Amino acid sequence: RTQSHAHMVDSAVFSLDGQQVLTVSMNERVAKLWSATSGECLRTLRGHRCSVNSAVFSPDSQTALTAADDGTAKMWSTSTGECLGTLQAYTGSVQS
């Protein structure tokens, strides 16, 4: 499957409504958004310059937040995959 992660999945989290799953692989610079019912990859969230360490959903599941080794946290629209903003959180890695 071309939509799967190329490396081991290090983190997976369900949306509060149980309809979506967000996954990250620390060896990749992306997070992936999946349909929990069909298993289809809905979006690949690209934009970090280094490995993505963690990802979470907002309470309404409309936004995802990713944290990475590039010292940033990025906010994403789960409906479009668009990056809504970047928080330059730290000069080192952001783990969670």
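Remember, predicted model here, so these are calculated numbers, not experimental data.
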Give a yes or no answer on whether the side chain of Ser15 reaches the backbone of Gln20 with a donor-acceptor pair at less than 3.5 Å.
yes
Please tell me if the side chains of Leu16 and Pro59 come closer than 4.5 Å, counting only heavy atoms from C-beta onward.
yes
CG/Leu33 to CH2/Trp76 distance, rounded to the nearest 0.5 angstrom?
11.5 Å
In sequence, state the C-alpha distance, the side-chain angles, and the governing distance for Thr23 and Trp34, and then conclude on side chain to side chain contact (heavy atoms under 4.5 Å, CB included).
CA-CA 8 Å; Thr23 60; Trp34 305 87; 2.8 Å; yes
Got Val24 and Asn53 here, is their nearest side-chain heavy-atom distance under 4.5 Å?
no
Mark yes or no for whether Arg29, through its side chain, and Arg49, through its backbone, hold a donor-acceptor pair below 3.5 Å.
yes
Close side-chain approach of His48 to Thr66, heavy-atom, < 4.5 Å
yes
No-hydrogen, no-angle side-chain donor-acceptor test under 3.5 Å, Thr86 and Lys74:
yes
Heavy atoms, side chains only, cut-off 4.5 Å: are Arg43 and Thr78 in contact?
no
For Thr63 and Asp60, the nearest pair of non-hydrogen atoms, with its separation, is N-OD1, 4.1 Å
Min side-chain heavy-atom separation Val13-Phe57 under 4.5 Å
yes
Is any side-chain heavy atom of Thr37 closer than 4.5 Å to a side-chain heavy atom of Gln19?
yes
If you take all heavy atoms of Phe14 and Ala36, which pair is closest and at what distance?
CE2-CB, 3.9 Å
Please report the shortest heavy-atom distance between Gln88 and Asp70, naming the atom on each side.
NE2-O, 4.0 Å
So, do Val30 and Leu45 sit near enough that their side-chain heavy atoms are less than 4.5 Å apart?
no
What heavy-atom pair brings Ala68 and Cys50 nearest, and what distance separates the two atoms?
CB-O, 4.1 Å
